[in-house]
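The structure appears below as structure tokens.
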Amino acid sequence: MILNYDDVKEKPETLRAMTSLNRDEFELLCLSFSQAWEEETQSCQRDPSKGGRKPILTKHEDRLLFILFYLKTYPLQEVLAHLFGMSQGQAHFLIYQLSRILRETLKRMDHLPARTSEEMIRKLAEEEPQDFAIDGTERRIQRPKDPDRQKRFFSGKEGEHTVKNVIVSGLLDQQVKYLSPTQEGRKHDKKIADEEHITAPEGSDLYQDTGFQGFTLPEVTIHQPKKKSKGEQLSLGDKIINRIISRTRVGVEHVIAGVKRLHIVQNVFRNTQDNYEDHVMELACGLHNFRSNHRLCY
């Protein structure tokens, strides 16, 4: 039995477990996804009269289910191919083709995070003012074979080989506003923020943890827990302020948890295609923004 959308659309819990979306969200996303598919494939459509292998997935709903199922559950490609009734080679091709189309879909719907500070500031100028939080998030990868890459990607904090991104999120709407380029796990959060010139709108409040110690921005109020000095204890007032900051800043942790609902950015990353580790993190943030925006509106 080949997995398809018609079999799961009446099963809300199963659909969410497979895609992270409910039926309304899936079908809304599919409207734009189908348009992006038609536009990308229109120029390379094959003449049926000339023969050739027929496509396995003929419906837009099944194509969207295929790529969301892969991102959400992250099965081996051989398992994915078996579930959707195709060869491993066909599954491999579709993963990267449909990932591109899904990214274009989320871009058209304006759910992708900004990838530069300039783009983020430009987008935020059109939104209601709110407070922001900044944080780094790491993802495990397979141990590189090259000794130099092993050293660069080994995270002392996690004790594993990882890649890292820095995220800026809105604390009111719980959206990912900015996603840094994917970096090696060894690099410090503050160094990434400095190198990428991450900023926030003038007059706003930015909450950060001690991983950004020393990170400041002009015309932006920084809120960061105070670290105790060696051999000393924090005062009661400092402890209260730290607790308030932590309770406010926890919003960005909830955002990261929402992004990592997709197992492809939660489990050990196995894909080897260049830059795909960055591509899937962008998709995960875009899908989180889509979900949170849809649920906020409805």
Side-chain angles (χ1 to χ4, degrees), residues 113-114 116-117 120-121 123-125 127-140 153-261 265-266 281 285 288-289 292 296:
T116 66
S117 292
M120 179 181 70
I121 295 298
K123 286 185 173 183
L124 291 177
E127 300 179 9
E128 292 294 325
Q130 63 178 311
D131 295 339
F132 303 94
I134 184 172
D135 202 3
T137 178
E138 294 188 59
R139 295 173 282 145
R140 294 172 294 162
F153 285 86
F154 184 79
S155 168
K157 177 183 177 182
E158 298 294 330
E160 296 180 277
H161 294 89
T162 66
V163 290
K164 176 183 289 188
N165 297 87
V166 169
I167 283 175
V168 176
S169 71
L171 291 175
L172 180 62
D173 60 13
Q174 298 284 286
Q175 299 267 305
V176 181
K177 303 300 182 181
Y178 168 84
L179 174 69
S180 77
T182 300
Q183 307 276 3
E184 59 269 24
R186 187 181 181 185
K187 188 172 288 189
H188 199 274
D189 292 348
K190 180 182 179 297
K191 187 173 183 181
I192 296 175
D194 288 337
E195 289 180 351
E196 298 302 323
H197 306 291
I198 297 176
T199 187
E202 291 185 4
S204 62
D205 290 67
L206 180 67
Y207 290 78
Q208 60 190 36
D209 64 14
T210 53
F212 293 87
Q213 188 74 36
F215 180 68
T216 60
L217 294 172
E219 307 299 327
V220 173
T221 302
I222 301 292
H223 301 275
Q224 178 179 296
K226 185 176 180 180
K227 296 177 68 174
K228 66 178 181 179
S229 303
K230 188 174 181 180
E232 297 183 4
Q233 295 295 323
L234 293 176
S235 68
L236 178 60
D238 289 334
K239 289 180 180 180
I240 293 173
I241 292 173
N242 283 0
R243 193 174 298 120
I244 293 172
I245 292 173
S246 296
R247 286 177 178 174
T248 304
R249 200 195 65 82
V250 76
V252 71
E253 302 289 353
H254 295 158
V255 170
I256 291 173
V259 169
K260 290 191 173 181
R261 290 180 68 179
V265 294
Q266 181 187 114
M281 190 62 175
C285 291
H288 166 79
N289 287 349
S292 61
L296 181 65

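Scope of the values below: all heavy atoms of this structure, side chains included, with no hydrogens, waters or symmetry mates.
Paired with T162 under the rule side chain to side chain donor-acceptor pair (under 3.5 Å), one option of Q183, E184, E138 passes, and it is E138. Residue L206 is tested with L217, T199, L171 for a side chain to side chain contact (heavy atoms under 4.5 Å, CB included); the sole match is L217.
Separation of atoms CD1 (I244) and CD1 (I240) is listed at 7.0 Å; rounding is to 0.5 Å. Atom CD of E195 sits about 5.5 Å away from atom NZ of K191, to the nearest 0.5 Å. S235 contributes atom OG, which lies 7.5 Å from atom CD1 of I241 (distance to the nearest 0.5 angstrom).
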- prompt: What do the steps show when you test Q213 against Q224 for side-chain contact (heavy atoms from CB on, under 4.5 Å), and what is the final call?
  reply: CA-CA 8 Å; Q213 188 74 36; Q224 178 179 296; 2.6 Å; yes
- request: For side-chain contact (heavy atoms from CB on, under 4.5 Å), just list the numbers for S292 and Q175, CA-CA rounded to whole Å, side-chain angles, deciding distance to a tenth of an Å, and then say yes or no.
  value: CA-CA 7 Å; S292 61; Q175 299 267 305; 2.4 Å; yes
task: Applying side-chain contact (heavy atoms from CB on, under 4.5 Å), run through K177 and Q130 and close with a yes or a no.
output: CA-CA 12 Å; K177 303 300 182 181; Q130 63 178 311; 3.6 Å; yes
message: Let's go through Q174 and H254 carefully: what are the C-alpha distance in whole Å and the side-chain angles of both, what is the deciding distance for side-chain contact (heavy atoms from CB on, under 4.5 Å) to 0.1 Å, and is it a yes or a no?
response: CA-CA 8 Å; Q174 298 284 286; H254 295 158; 3.7 Å; yes
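Sparse packing is recorded around NZ of K228, with 12 or fewer heavy atoms of other residues, nucleotides or ligands lying under 6.0 Å away.
Considering every non-hydrogen atom in both V220 and A200, the closest pair reads CG2-O, 3.7 Å. Considering all non-hydrogen atoms of both residues, P201 and I121 come closest at N-CD1, 3.6 Å. Annotation for P225 and T210: closest pair O-CG2, 3.8 Å, computed over non-hydrogen atoms. For the residue pair P113 and C285, the shortest heavy atom distance occurs at CG-CB, 3.8 Å.
Using a 4.5 Å heavy-atom cutoff, the side chains of M281 and V163 are not in contact. R139 places a side-chain heavy atom less than 4.5 Å from the side chain of K260. Counting heavy atoms from C-beta on, the side chains of T248 and D131 never come closer than 4.5 Å. Side chains of D173 and E128 form no contact here, defined as non-hydrogen atoms less than 4.5 Å apart.
E160 contributes no side-chain N or O that, together with a main-chain N or O of R140, makes up a donor-acceptor pair within less than 3.5 Å. One N or O on the side chain of N165 and one on the backbone of S180 form a donor-acceptor pair closer than 3.5 Å. Within the 3.5 Å criterion, the main-chain N or O of I192 finds no donor-acceptor partner in the side chain of K187. In terms of modelled atom types and a separation under 3.5 Å, the side chain of Q208 and the main chain of I134 share no donor-acceptor contact.
Sorted by first and then second residue, the pairs that involve residues 232-246 and meet salt bridge (Lys or Arg N to Asp or Glu O under 4.0 Å), not counting sequence neighbours, are K226-D238. Sorted by first and then second residue, the ring-ring contact (aromatic ring centres under 6.0 Å, His included) pairs with a member in residues 167-219 read Y207-H223; sequence neighbours excluded.
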